[in-house]
Chemist: 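For reference, the structure I am asking about is given below.
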Amino acid sequence: TDLEVTHWWTSGGEAAAVKELAKAFDATGNKWVDGAIAGSGGTARPIMISRITGGDPMGATQFNHGRQAQELVEAGLMRDLTDLATKEKWKEVIKPASLLDSCTIDGKIYCAPVNIHSWQWLWLSNEAFKKAGVDVPKNWNDFVAAAPALKKAGIQPLALGGQPWQASGLFDTLALSLGGKDLYMKVYKDKDADAAGGADMAKVFKAAADARDMAKGSNVQDWNQATNLVITGKAGGQIMGDWAQGEFQLAGQTAGKDYSCLPGLGLSDYITTGGDAFYFPLLKDKEKAKAQEVLASTIVSPKAQVAFNLKKGSLPIRGDVDLASANDCMKKGLAIVAKGNALISTDQLLSADTQKQKEDLFSQFFANPSMTADAAQKRFAEIISSAD
Amino acid sequence: MNTSVSIRDLSLNFGAVTVLKDLNLDINDGEFLVLLGSSGCGKSTLLNCIAGLLDVSEGQIFIKGRNVTWEEPKDRGIGMVFQSYALYPQMTVEKNLCFGLEVAKVPKADIEKRVARAAEILQIGPLLKRKPAALSGGQRQRVAIGRALVRDVDVFLFDEPLSNLDAKLRSELRVEIKRLHQSLKNTMIYVTHDQIEALTLADRIAIMKGGVIQQLADPMTIYNRPKNLFVAGFIGSPSMNFFRGDVVERGGRLVFIVGGQEFSLDGYTAETPLAPGQKVVLGVRPEHIAVDGDIAPGQEAHEAVVDIEEPMGADNLLWLKLAGQVISVRIAGTRRYAPGSKVRLAFDMSVASLFDAGTEERI
Amino acid sequence: MNTSVSIRDLSLNFGAVTVLKDLNLDINDGEFLVLLGSSGCGKSTLLNCIAGLLDVSEGQIFIKGRNVTWEEPKDRGIGMVFQSYALYPQMTVEKNLCFGLEVAKVPKADIEKRVARAAEILQIGPLLKRKPAALSGGQRQRVAIGRALVRDVDVFLFDEPLSNLDAKLRSELRVEIKRLHQSLKNTMIYVTHDQIEALTLADRIAIMKGGVIQQLADPMTIYNRPKNLFVAGFIGSPSMNFFRGDVVERGGRLVFIVGGQEFSLDGYTAETPLAPGQKVVLGVRPEHIAVDGDIAPGQEAHEAVVDIEEPMGADNLLWLKLAGQVISVRIAGTRRYAPGSKVRLAFDMSVASLFDAGTEERI
Amino acid sequence: MAATGRTGRPNQLFRNLNAKIASIPMILIALVVFLGGSVWTVVYSFTNSKLLPRLNFVGLDQYDRLWASARWIVSIQNLAIYGILSLIFSLVIGFVLAALMDQKIRFENVFRTIFLYPFALSFIVTGLVWQWVLNPEFGIQSVVRSLGFTDFTFDPLYNPSIVIYGILIAGLWQGTGLVMCLMLAGLRGIDEDIWKAARVDGIPMWRTYLFIIIPMMRPVFITTLVIIASGIVKVYDLVVAQTSGGPGIASEVPAKYVYDYMFQAQNLGQGFAASTMMLLTVAIIIIPWAYLEFGGKKRG
Amino acid sequence: MADHSALNSVAAGLDPAKSRLGEGPSGRKPKPILSRRNIILYGLLFVAAAYYLLPLYVMVVTSLKGMPEIRMGNIFSPPMEITFEPWVKAWAEACTGLNCDGLSRGFWNSVRILVPSVLVSIIIASVSGYALANWKFKGAELFFSILVIGAFIPYQVMIYPIVILLREIGIYGTLTGLVIVHTIFGMPILTLLFRNYFASLPEELFKAARIDGAGFWQIYFRIMLPMSLPIFVVAMILQVTGIWNDFLFGVVFTRPDTYPMTVQLNNIVNSVQGVKEYNVNMAATILTGAVPLIVYFISGRLFVRGIAAGAVKG
Ligand SMILES: Nc1ncnc2c1ncn2[C@@H]1O[C@H](COP(=O)(O)OP(=O)(O)OP(=O)(O)O)[C@@H](O)[C@H]1O
Ligand SMILES: Nc1ncnc2c1ncn2[C@@H]1O[C@H](COP(=O)(O)OP(=O)(O)OP(=O)(O)O)[C@@H](O)[C@H]1O
Ligand SMILES: [Mg+2]
Ligand SMILES: [Mg+2]
């Protein structure tokens with residue numbers, strides 16, 4: 001049966017990963033009809049939502065974990081996967097459990113998680129630092145200290161794309177890695193406006209201002225263009241989620257040799273685990289409904305998990321798969337998850353509305369050097385105080 | 001005689017503007033009625049009401065005794081000819097003529113017969129295959145008439161059909177329309193603001209002003225015995241000469257005084273009795289003023305000074321200063337006067353008009 | 001008399017089309033010259049050449065003895081009045097009058113004086129603060145004339161200034177223009193295709209056809225002694241009646257024969273000798289035909305049948321069948337004939353015209 | 001008179017029935033989509049609808065938040081700058097081009113096609129091309145620098161304070177051709193006698209344009225104004241394709257705010273509030289105009 | 001001046017018998033090709049033309065270069081080595097997600113969307129404009145005013161209600177739905193154009209046809225349509241460009257297998273795999289713009305004429 005699957009995985013690494021899923025699904029005798037929409041989730045989600053609410057749903061669609069699809073579920077537009085999940089014992093195999101929790105609404109499971117993404121990575125170009133004549137940094141502070149040398153060598157210290165979510169993600173990463181777990185949870189989970197406006201957070205904002213100076217001059221838009229600057233040694237480093245890994249891999253680079261990765265920016269042992277999940281709109285067609293189940297089960301299956309996540313550079317959602325072929329970086333990530341140091345991602349903690357406001361704030365902050373850290377923090381506190 | 005078109009208490013408003021007001025008009029079978037009036041007086045509006053192209057606000061319209069007030073234009077038995085010809089530009093002349101018949105599903109043979117007849121009457125046979133763009137103005141108007149002709153209607157409506165033509169063509173087509181009426185004997189209602197057309201074509205003329213009919217009569221009556229000052233001034237080119245003055249008694253006889261000059265009213269036949277002291281307007285047409293040699297012996301004469309003269313070939317128009325105003329006098333084209341020269345002139349009171357200065361009605 | 005405007009061998013082509021051809025024309029100082037011709041004959045083109053709005057292809061133009069062939073319009077000392085008025089719609093009347101002067105940096109006081117004078121001459125004083133949209137057609141045309149007037153030019157050019165006005169206004173403004181010319185004594189060149197305007201206004205008329213001047217003469221000569229068939233037919237309304245026939249000798253005298261009817265040519269003064277057997281065209285104006293009672297005793301008379309009559313108020317136009325064709329005859333408005341009745345008529349040969357049937361030139 | 005035939009006034013509803021039937025699509029679109037849709041939007045702007053519309057009224061909360069949002073303020077400012085400049089420059093450039101074209105030039109067709117062809121391209125394409133041309137690394141800046149002017153800086157799309165002008169350049173490129181066309185049509189409609197009269201009066205060309213022709217073209221200017229203005233309010237694709245609102249939020253526009261908050265932030269209420277503000281602005285400008293144009297004067 | 005008159009007198013001397021020419025200039029006023037007026041006039045025109053052509057030039061040149069050459073710098077320099085690789089790739093090979101058939105699929109989808117949308121929207125708008133111009137009825141102008149104001153409403157505002165509307169009718173996601181959406185948003189401006197155009201035709205023509213007994217549709221088809229070529233061309237051009245270039249509706253109201261070309265373009269341009277392939281992007285851009293461009297080049301002249309007839313005579 002043909003099943004149309006919409007997603008926004010269009011960069012090189014992503015597309016390669018999707019191909020693995022499609023292959024696995026096609027192998028079950030069904031057909032994966034690819035509905036890629038380019039231009040990141042911001043472009044794609046409205047289209048997906050319109051189609052679901054407009055009564056022309058696709059067979060399955062990607063969303064980020066968390067609250068993006070909550071209302072669709074509440075409106076009864078999505079398919080309940082609880083039966084399948086019980087049958088395949090998802091509750092037991094999927095690690096960390098928070099992943100499945102965010103698929104669960106009123107005790108029912110509505111999505112199949114595909115991968116775990118963590119945001120807190122600093123990717124570094126070994127070549128760039130060699131050229132600048134400094135050692136490859138071991139953490140964020142080293143990186144900041146090396147920036148002048150990079151600049152002198154004509155190298156952009158920090159690569160940052162223009163898309164608002166990148167700026168926002170960078171800041172959240174700084175908040176967790178520099179501010180620590182407690183601050184992160186207070187601000188993002190408890191929505192504590194005092195903490196958001198407090199002195200600890202002010203330090204994070206100070207660091208963000210430094211990052212802003214380092215990022216000045218990287219005139220690229222897409223995240224993977226920014227990654228490309230690192231790959232080609234035009235930039236020293238980039239703060240980006242683990243999906244950047246896929247790009248390095250596609251470029252044929254080896255972790256440790258050509259590039260380095262620092263989870264938690266080398267300062268903290270925590271990462272957040274968000275990620276992507278597939279949701280299945282309620283369909284009238286029986287055949288398709290059956291195919292949906294097959295797809296859900298394929299996605300969670302160990303084989304597909306390995307194939308997919310290796311290509312994508314993200315972590316698999318189950319603890320029981322063998323990732324022997326994973327590279328250094330992935331292994332670092334897996335180790336942290338195994339330690340139980342995985343926190344819930346901002347996507348799950350904050351509503352899309354709050355996220356958007358945050359994006360607006362930080363994209364403005366990073367683009368506009370005249371905005372002071374204080375002003376930004378004040379606004380940030382406001383957003384957190386009204387967050388839901 | 002039977003009435004062909006009958007209009008009862010017709011009113012028409014465009015929004016708040018009343019264009020026609022309580023209009024009544026009976027047109028006889030076979031009559032040629034001309035609606036004459038200055039621009040904007042509602043002539044076209046009235047015609048459009050008769051044709052059914054405008055919905056009346058009040059009143060009724062009868063054609064051949066049938067109440068057609070709310071009927072579709074095509075069912076009223078009328079044909080209409082427009083100032084701008086309104087030929088369908090993308091169709092040949094023949095197709096223009098056939099169109100209405102085809103729409104009405106008239107049999108082919110019948111259509112051909114009727115087109116042939118119209119083409120013969122109007123002498124447009126050789127033009128049938130051309131498109132309107134390839135015709136001259138006069139030819140176009142003939143085709144437009146033909147379009148009404150083929151439909152075999154009871155009443156022809158013309159809305160200033162000749163206004164877009166130059167003077168020469170205009171007078172030619174005028175004669176043709178007159179001839180057409182004489183041979184077809186249809187009822188024709190003809191709108192114009194050209195008084196020559198009105199005078200030469202009409203059996204009766206209805207003079208309109210502000211949506212009201214001022215006078216409805218045959219051309220000679222309109223010309224010679226205008227009912228009020230408006231009609232008197234409207235008809236005739238150049239206009240009638242008007243003198244605002246008083247009626248005074250002089251030795252048992254009534255005379256008219258203006259600017260110190262006295263004119264005997266003996267020859268005038270008043271419709272309502274004249275009284276001394278009455279303020280009146282005397283109207284005399286330019287051709288009813290005799291100059292120098294034309295003055296009959298014994299006729300009362302006044303002196304005037306030539307202001308300018310306008311020779312027009314057959315006639316010569318003199319503008320004279322008399323009683324403090326400039327009047328026009330028509331004399332033969334062969335008689336010339338230099339500006340400034342003195343002439344003697346006499347009014348023919350038997351064909352003059354007197355109006356009450358207040359009501360402006362004829363006395 | 002001095003020439004004011006002089007045109008030498010003027011030719012003008014639009015691409016391959018020759019609109020004016022080797023045209024020569026001398027206009028006297030203070031003269032009122034009318035260019036008359038049917039539509040498209042090149043009148044406006046000639047006027048535009050004189051104004052400098054069109055570049056000539058060949059030849060020269062002199063104004064007041066100065067060669068202005070290549071000069072800008074504003075330097076030629078001309079003022080121009082257009083059919084469409086061409087007033088600047090968003091400016092007040094006053095501004096319309098001043099604008100050209102202001103641009104030319106004429107001193108303020110001077111401007112005011114000139115505007116006041118023009119306003120007085122044209123009686124547009126009360127209109128000065130209005131915009132053109134708030135004026136009637138006649139008032140607009142007066143302002144347009146004023147615009148030429150304030151510029152104190154030597155030569156006024158009028159391009160059909162009255163064509164857009166209705167008949168009544170037209171005759172009024174005609175008189176005004178005539179008066180204006182009499183008081184200003186400027187040279188005026190006036191384009192029209194209305195022959196009444198031409199006849200009444202002109203000192204001389206130039207009749208044009210196809211870019212060539214056919215006859216240049218004073219109105220009475222044009223009217224009474226047209227140089228060729230075209231001019232004869234063009235001037236006069238209704239047209240001159242033409243009869244194509246032969247000159248034959250009858251008892252030592254020359255007579256004209258058409259359709260079996262003979263007309264004595266005794267009264268006619270030929271410019272070139274007539275010969276028997278010559279094919280000629282006889283032209284007689286409608287007002288030069290006497291009917292019934294008007295026929296002088298002893299005058300040669302013929303019988304004709306009334307086809308239709310067209311009463312026009314002052315006159316009555318009879319269409320008669322004579323010698324196999326329809327001719328028009330003008331009689332007094334008071335005399336009426338029913339269609340089909342028989343009348344006797346006589347031609348006044350002393351004012352008739354004879355043309356060679358081949359060359360169409362006057363004999 | 002025998003009163004045969006119909007006497008009474010027939011039911012007005014059924015007169016011109018065909019015309020009314022043929023107008024049904026128009027009426028439906030006007031009432032259901034435009035009017036209904038707008039009312040729907042306004043009503044829901046007073047709710048706290050998130051991803052799906054819900055009738056849960058919260059008063060003016062959405063508006064309070066809207067006007068407290070820095071991004072909305074920037075959007076409004078950008079729209080104002082872009083709108084005013086775009087109006088002025090479109091009209092001026094469009095008119096000047098039309099005036100040039102009206103000088104009986106050679107190759108008029110060629111020039112007209114050149115000026116008009118961008119109008120055939122979408123804003124997406126326009127945005128992409130200009131993004132490319134204005135790119136400091138490849139585009140004009142680098143070219144000028146490579147010519148030796150190493151200090152030359154022209155990077156409107158990467159400089160928050162002038163980014164809106166970068167968008168303006170592209171917008172004008174796309175739209176002035178149509179304006180030129182409209183103006184040219186207007187110029188051609190002007191009575192040639194006016195030109196002649198002005199020449200005879202000795203009024204120089206530029207003065208004639210300025211004081212006579214332009215005032216005469218008022219209706220054309222109004223039509224053009226309406227067309228440009230309706231495009232300005234909607235400007236969205238161009239910004240998305242060229243800058244995605246960046247750098248930061250420097251080139252955000254209201255239409256994008258609406259879209260982002262409705263769909264990306266999944267806060268319909270906020271999006272509707274922003275749309276309502278846009279509607280209100282449009283209504284304030286348009287309704288008087290539409291009244292004058294279509295309601296006030298009756299056509300013959 | 002002086003030497004001109006000298007020349008003329010020589011010319012005049014050739015035929016002294018005929019000529020009455022006097023002193024001074026004669027004949028056509030000389031107009032040097034390089035007059036100041038011409039220099040300014042054409043100078044301005046060429047500068048403007050350069051501004052308008054520059055992006056097109058950049059697009060074409062870039063699309064013919066290879067990536068290495070692009071990275072070297074100057075976007076204005078002509079390609080050293082012309083390659084059609086980017087074109088092939090843009091048309092048939094560029095990937096979005098798993099679909100690697102470039103724009104070609106989108107092209108046919110666009111055609112399938114374009115044809116019915118253009119036809120339906122023009123038919124409905126022209127009939128409405130005709131009814132408004134010639135068959136006035138109570139309220140017509142009011143509906144029309146609403147429609148015209150609708151032209152100013154940002155599309156985004158209307159998307160949600162329309163999604164709901166189409167869902168209720170049950171045609172969301174179908175071609176019919178998209179055609180309706182295009183018709184709705186084409187209505188205001190097209191109706192305005194048609195109404196103005198039909199109103200500018202002589203009303204007497206319409207009256208004559210009514211007297212001839214033709215009804216609403218007969219007059220429309222047999223009298224009005226044959227006279228309305230220019231305005232139909234304008235409407236056609238506006239709709240072809242508008243619908244072909246549409247992105248928002250295409251993406252919201254279709255599904256991936258029916259995505260129009262603009263959506264494919266967006267996907268290709270935004271699916272950056274490694275480095276941005278500017279040459280492919282430019283080729284894709286040109287290919288996407290080709291249809292409306294061709295329409296313009298072919299019927300541009302009629303467009304101007306129609307604009308004069310329909311838009312300016314408001
Ligand atoms: N559709 C309309 N709406 C409003 N007023 C109108 C309309 N049509 C005509 N009028 C007004 O009605 C009056 C009469 O118009 P109508 O066309 O009947 O005049 P007319 O006598 O035919 O003039 P003309 O000689 O110029 O043709 C005019 O004042 C005109 O302004
Ligand atoms: N710009 C032009 N290009 C080509 N031919 C032209 C041009 N202007 C005028 N003509 C032609 O020149 C001839 C004379 O035109 P002109 O306007 O002088 O006629 P006219 O005598 O003024 O006619 P009317 O009485 O209609 O005003 C016409 O045949 C016309 O078609
Ligand atoms: Mg009328
Ligand atoms: Mg002319």
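Proteins get letters first, then strands, A, B, ... in listed order; numbering begins at 1 in each. This one's a predicted model, so the numbers in the text were calculated from it and none came from an experiment.
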Chemist: What residue in E/V58, E/L56, E/L45 has the most heavy-atom pairs under 4.5 Å with chain D?
Modeler: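 The residue among E/V58, E/L56, E/L45 with the greatest pair count is E/L45.
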Chemist: Enter the distance from D/T113:OG1 to E/Y296:OH here, rounded to the nearest 0.5 Å.
Modeler: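 Rounded to the nearest 0.5 Å, the OG1-OH separation comes to 11.0 Å.
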Chemist: For a quick test of reading the model, state the closest non-hydrogen atom pair linking E/I124 to D/P25 and the distance between them.
Modeler: CG2-CB, 3.7 Å
Chemist: How are the rings of E/Y51 and D/W130 set relative to one another: parallel (under 30°), tilted (30 to 60°) or perpendicular (over 60°)?
Modeler: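 Geometry flag for D/W130 against E/Y51: tilted rings.
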Chemist: Side chain, backbone, both or neither: which part of D/M262 has a non-hydrogen atom closer than 4.5 Å to chain E?
Modeler: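 Looking at D/M262, just its side chain touches chain E.
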Chemist: Of all the heavy-atom pairs spanning D/G177 and E/Y52, show the shortest one and how long it is.
Modeler: N-OH, 4.5 Å
Chemist: Side chain, backbone, both or neither: which part of E/L54 has a heavy atom under 4.5 Å from chain D?
Modeler: side chain
Chemist: Which bit of D/L52 comes within less than 4.5 Å of chain E, counting heavy atoms only: side chain, backbone, both or neither?
Modeler: both
Chemist: Out of D/Y236, D/F272, D/F107, which one racks up the most heavy-atom pairs below 4.5 Å with chain E?
Modeler: D/Y236
Chemist: Compare all side-chain heavy atoms of D/V33 with those of E/I162 and state whether any distance is below 4.5 angstrom.
Modeler: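 Yes, side chains in contact.
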Chemist: Which one of D/L116, D/L35, D/V96 has the most heavy-atom pairs closer than 4.5 Å to chain E?
Modeler: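 Top count of heavy-atom pairs under 4.5 Å with chain E: D/L116.
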Chemist: Counting only heavy atoms closer than 4.5 Å, note whether D/I140 contacts chain E via side chain, backbone, both or neither.
Modeler: both
Chemist: Among D/F34, D/W132, D/F115, single out the residue with the greatest number of heavy-atom pairs under 4.5 Å to chain E.
Modeler: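 Ranked by contacts with chain E, first place is D/W132.
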Chemist: What about the rings of D/F111 and E/F46, do their centers lie closer together than 6.0 Å?
Modeler: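 When the ring centroids of D/F111 and E/F46 are compared, they turn out to be within the sub-6.0 Å range.
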Chemist: Minimum heavy-atom separation for E/F137 to D/K20, with atom names?
Modeler: CB-CE, 3.6 Å
